[in-house]
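Taking it in order: structure first as structure tokens, then the write-up.
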There are 2 protein chains.
Amino acid sequence: MQVRTILLSKSVFEDNDRAAEALRARLKEQGVCLVNVMSSPGSGKTTLLVSLIRRLSKRYRVGVMEADIDSDVDAVTVARETGCRSVQLHTGGMCHLDAGMTEEGLAALGGDLDLVFLENVGNLVCPAEYDTGATVDLVILSVPEGDDKPLKYPLVFGKCDLAVVSKTDALPYFDFDLKRCAENVRERNPKAEVIPVSAKTGENMDALVNWFIKKLTEV
Amino acid sequence: MQVRTILLSKSVFEDNDRAAEALRARLKEQGVCLVNVMSSPGSGKTTLLVSLIRRLSKRYRVGVMEADIDSDVDAVTVARETGCRSVQLHTGGMCHLDAGMTEEGLAALGGDLDLVFLENVGNLVCPAEYDTGATVDLVILSVPEGDDKPLKYPLVFGKCDLAVVSKTDALPYFDFDLKRCAENVRERNPKAEVIPVSAKTGENMDALVNWFIKKLTEV
């Protein structure tokens, strides 16, 4: 599977916030939903995206941009498993994406898409500090990481529209309380929705798919 | 349990590498082993440190510095569970520690210690880019994160002296191959040692304790 790789350079925009607002306005005008996916390394982002895209691509034209420091494993996996358009963003060691890098990725991906997932660098700190221009901010927290993470990483949970709790199939093996986790998310962000899922067993994936369908009818 | 909290400011040192080298030389002269502990959020750093310090503090004078963006949960836990000296480093949103911040923490912790653990910010990207002046760089990778992480985060695995694979009690529930993980670490770093442990069950903790005892006799 051939996947195009984009080598990102430092952003040319001095004012990232303004560039992000402009990008978001343009996407809204074009009716494109751009989802900025943030999480720790190893939270199951790629597996979750594959499962989600398989369900959504029956109704929508979906594209994926995969940020990775030094490999194209994820972009190839997503393209192979879902058949959707996918580009790899090589960050060259950078710890986050900004609006300029996101624009570069979108240009490489091409137009005519309803829904684009941007898999940000695996990091709960820096990606939260840079507005990518996305229309939806999503954070994934996996069960093995612990239900206290929203308290420890306030910025990323404070800015997200949706918090997905992944790997719920592992709940029996870890001391993770879904109710306490949802309370911790809401303490940081009363407006965020919390949806627990297992991409492995498919548990509650319908609720997540429906959240996106609702979002897409709003665009 | 009262734990002192240090509010870190941006480093005064323009040349972090030089400051780090100077700090490391001073620590070696004083016979202090300073361990920079890096990992993803939720890898079980704090639980592992508590288990390790309980075993090592019978023979050595141990101190801990806990970097946290916005809470002092970890410093209080470590102090309460081990009785060792502990300070909280508030990074105020910063995504890494540098040599200047480490010096501030050491000054607050006070002298007369053999072994100091510095729990860096939960992040596999940025902490790897800043030399803290530590004499040992340790990275923790937990089983649920996946055995491919050394390939995806080359810098942190490339610079570590020791890679600890944590939460091995979860091996039956995840597709994680210890042998493949060790090969992936060695691909990045032929000199790194790899020690798999479970702080929960105590499995192989002796090997980790012995690694530190050996290190401390070398100081």
Side-chain angles (χ1 to χ4, degrees), chain A residues 38-47 66-74 77 91-96 120-130 139-158 166-167 169-176 184 188 200, chain B residues 38-47 66-74 77 91-96 120-130 139-158 166-167 169-176 184 188 200:
Chain A
M38 295 170 287
S39 84
S40 297
S43 69
K45 273 197 298 297
T46 309
T47 308
E66 292 278 341
D68 220 315
I69 291 172
D70 195 29
S71 82
D72 64 356
V73 179
D74 293 341
T77 303
T91 64
M94 268 183 289
C95 53
H96 66 275
N120 214 314
V121 180
N123 177 342
L124 286 182
V125 186
C126 318
E129 290 171 22
Y130 293 85
V139 60
I140 301 174
L141 170 64
S142 66
V143 162
E145 291 172 66
D147 53 32
D148 60 338
K149 290 301 158 293
L151 303 180
K152 293 193 165 185
Y153 298 89
L155 206 56
V156 72
F157 285 93
S166 67
K167 303 190 188 179
D169 53 282
L171 276 170
Y173 318 118
F174 292 92
D175 175 28
F176 187 103
N184 289 343
R188 292 304 180 192
K200 197 170 167 183
Chain B
M38 295 170 287
S39 84
S40 297
S43 69
K45 273 197 297 296
T46 310
T47 309
E66 291 278 343
D68 220 315
I69 290 170
D70 194 30
S71 81
D72 64 356
V73 178
D74 291 342
T77 303
T91 63
M94 268 180 291
C95 53
H96 66 274
N120 214 314
V121 179
N123 178 341
L124 285 183
V125 186
C126 318
E129 290 171 21
Y130 294 85
V139 61
I140 301 174
L141 170 64
S142 65
V143 163
E145 291 171 65
D147 53 33
D148 60 339
K149 290 301 160 294
L151 303 181
K152 292 192 164 185
Y153 297 90
L155 205 56
V156 71
F157 285 93
S166 67
K167 304 190 187 179
D169 52 282
L171 276 170
Y173 317 118
F174 292 92
D175 175 27
F176 187 105
N184 289 343
R188 292 305 180 191
K200 198 170 168 184

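Per chain, numbering begins at 1; letters A, B, ... match sequence-line order.
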Got a second to check how far [X]'s [atom1] is from [Y]'s [atom2], nearest 0.5 Å?
X	Y	atom1	atom2	value
B:L124	A:S40	CG	OG	8.5 Å
B:E129	A:C95	CD	SG	6.5 Å
A:D175	B:K200	CG	NZ	8.0 Å

**OP:** Report the residues that fulfil side chain to side chain donor-acceptor pair (under 3.5 Å) with A:E66, sequence neighbours left out, ordered by chain and then residue number.
**Re:** none

Original post:
Is there a donor-acceptor pair under 3.5 Å between the side chain of A:K167 and the backbone N or O of B:P144?
Top reply: yes

Original post:
Highest number of heavy-atom pairs under 4.5 Å with chain A: which of B:S142, B:P172, B:G122, B:G146?
Top reply: B:G122

Original post:
With a 4.5 Å limit on heavy-atom distance, are the side chains of A:V125 and B:P41 in contact?
Top reply: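 SC-SC contact between A:V125 and B:P41 ruled out.
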
Original post:
Taking everything shown except B:F174 itself, do over 12 heavy atoms lie less than 6.0 Å from its CZ?
Top reply: yes

